[in-house]
Amino acid sequence: MASRTGRCSGCGAILLIPPEVQTIRCAVCQCISTVRPYDHRWNQIHNAFGAVNRVRDRTSYPTSGTICSANSGYVPPPTPALSPPSTYGKKRALLCGLNYRGKSYGLKGGINDVKCMKYLLTQTLGFPTDSILMLTEDETDPFKIPTKQNIRKALRWLVQGCQSGDSLVFHYSGHSSRQRDYDNDELDGFDEALCPLDHDTEGLIIDDEINATIVRPLPGGVTLHTIIDACYSGTMLDLPFLCRMNREGYYIWEDQRRSDSNVYKGTSGGLALCFSACDDDQISADTNAFTGTKTRTGAMTFSFIQAVQNEPGLTYGRLLTAMRSAIREAKNGLKLNGPIAALVNKALFRLQPQEPQLSSSEKFDIYSRKFVP
């Protein structure tokens, strides 16, 4: 009888299974998986479709495609302990929080932000805990440190295999930057970019790549919400439309596509939306004024979470205006309810105005469509 393959129930690695065994230990994570009894008919089917299965195995993230034998003495490099997205049903989230410890430009609120966002997703918005992948410097798994390579892999994981009805969330809290646009698809002549933990040596992740990775593949019926708490983040997803809103709440959708560019920035039928901390030429705040303690958070993340928790069923327009009002009124020293009042004359007082932004892959009435992640 020929050997067959299966997946480790722990890390998802591909295992080469002798036909007579009932359990097998994974050489990657040492997890013991139960093996179904050998079935000659299944072996015939497996052989008939072997070519298809081999293609699928090569493209399935996050496993590397390494075959681990029960009797092999070779232990391959560890792979991220992530399961295929279909395991998580209709909701999936990627949260990246960076503090850049030991750097002169270090932050203190990035990791706190993603912890708060995870709490919101699980306790208020119905996301299963095991459907959320967190990348922070606190993680012990080297594949969950927010390096450039790991963030790239995690972004691919977020959208892999998504289907109609799925709800995806990407939250990033950390530094971002701008660089000259070399492919002439930006109205302002600059690409916005995320700063991974190792960006000093490995470089940035620019908005063109983010759009190509998590926006363009979205099929019909899939919704992606992105929350970017970083400077210069107004068009971080490179979405076609930016909601320009004045202080009275009146808005228009501004087309971000250049007429002389043929670069497509939309989806494959799905809906992508992005809440960002500020416009492309503004900076965002990292402060402890919201908490009233030594714990620091991003002003945008805090105001986003507070609005969603305080007003269930709010519209996109109401969410955006609530976030803007919280930050603006605190900066102006107006009396507010709750911990935001502590922001008066503190971190935001001397900074240029921070106005959260909303961008989208399509136009819609922001005051009639409800925020439903």
Side-chain angles (χ1 to χ4, degrees), residues 8-13 26-31 60-64 66 75-85 87-88 91-103 105-123 125 127-160 168-176 193-205 209-210 213-214 225-230 286 291 294-298 301-302 305:
C8 171
S9 60
C11 69
C26 176
V28 176
C29 68
Q30 303 302 310
C31 175
S60 178
Y61 181 83
T63 58
S64 64
T66 302
V75 179
T79 55
L82 307 176
S83 300
T87 303
Y88 300 142
K91 293 179 181 288
R92 197 180 318 148
L94 168 62
L95 314 179
C96 298
L98 297 91
N99 282 0
Y100 309 94
R101 293 191 179 111
K103 303 289 187 179
Y105 48 80
L107 299 172
K108 295 184 179 180
I111 296 176
N112 291 328
D113 281 349
V114 295
K115 290 179 179 178
C116 292
M117 186 62 68
K118 181 178 181 179
Y119 184 86
L120 175 73
L121 293 175
T122 57
Q123 301 302 313
L125 300 179
F127 279 67
T129 300
D130 61 358
S131 74
I132 299 174
L133 171 62
M134 289 182 62
L135 303 186
T136 74
E137 294 147 84
D138 287 346
E139 300 295 331
T140 57
D141 185 339
F143 289 95
K144 294 183 180 180
I145 302 299
T147 62
K148 182 176 182 177
Q149 180 181 15
N150 288 345
I151 293 177
R152 279 176 159 176
K153 287 183 178 180
L155 288 171
R156 293 195 293 269
W157 167 85
L158 180 64
V159 299
Q160 181 192 1
L168 314 178
V169 169
F170 171 43
H171 176 222
Y172 174 90
S173 182
H175 281 306
S176 63
L194 302 180
C195 298
L197 193 61
D198 55 354
H199 71 274
D200 288 339
T201 56
E202 299 302 315
L204 307 171
I205 302 177
E209 178 181 347
I210 299 170
T213 304
I214 64 174
H225 287 92
T226 299
I227 303 98
I228 305 292
D229 199 345
D286 175 32
T291 63
K294 293 183 179 180
T295 302
R296 302 179 73 89
T297 61
T301 296
F302 187 94
I305 292 174

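Model, not experiment: these values are computed from the prediction.
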*Asks:* Sequence neighbours left out, what passes salt bridge (charged side-chain N to carboxylate O under 4.0 Å, His left out) with E209? Give chain and number order.
*Replies:* R152
*Asks:* Who are the side chain to side chain donor-acceptor pair (under 3.5 Å) partners of T136, not counting sequence neighbours?
*Replies:* none
*Asks:* Which heavy atom in G97 sits nearest to a heavy atom in I111, and how many Å separate them?
*Replies:* O-CG1, 3.8 Å
*Asks:* What pair of heavy atoms forms the shortest contact from L158 to V169, and how long is it?
*Replies:* CD1-O, 3.7 Å
*Asks:* Among all residues two or more places apart in sequence or in another chain, which pass the salt bridge (charged side-chain N to carboxylate O under 4.0 Å, His left out) test with D138?
*Replies:* R101, K115
*Asks:* Closest heavy-atom contact between A154 and L135?
*Replies:* CB-CD1, 3.9 Å
*Asks:* If you look at every heavy atom in S176 and A230, which pair is closest and at what distance?
*Replies:* OG-CB, 3.4 Å
*Asks:* Run the side chain to side chain contact (heavy atoms under 4.5 Å, CB included) test against E202 and tell me which residues pass, sequence neighbours left out.
*Replies:* K148, D198
*Asks:* Within a strict 4.5 Å, meaning less than it, do heavy atoms of the T213 and R156 side chains meet?
*Replies:* yes
*Asks:* Would you say L98 and Y172 make side-chain contact, with heavy atoms under 4.5 Å?
*Replies:* yes
*Asks:* Any non-hydrogen side-chain atom of L197 less than 4.5 Å from a side-chain atom of Y100?
*Replies:* yes
*Asks:* Can you list the residues that meet the ring pair (Phe, Tyr, Trp, His ring centres under 6.0 Å) rule with H199, with sequence neighbours excluded?
*Replies:* Y105
*Asks:* What residues, two or more places apart in sequence or in another chain, satisfy side chain to side chain donor-acceptor pair (under 3.5 Å) together with H171?
*Replies:* T301
*Asks:* I want to check something: taking the side chain as every heavy atom from C-beta on, are L125 and K91 in contact at a cut-off of under 4.5 Å?
*Replies:* no
*Asks:* Is there side-chain contact between T122 and P128, with heavy atoms separated by less than 4.5 Å?
*Replies:* no
*Asks:* Which atoms form the tightest heavy-atom contact between L121 and A93, and what is the distance?
*Replies:* CD1-CB, 3.7 Å
*Asks:* Do the non-hydrogen side-chain atoms of R92 and L133 ever get within less than 4.5 Å of each other?
*Replies:* no
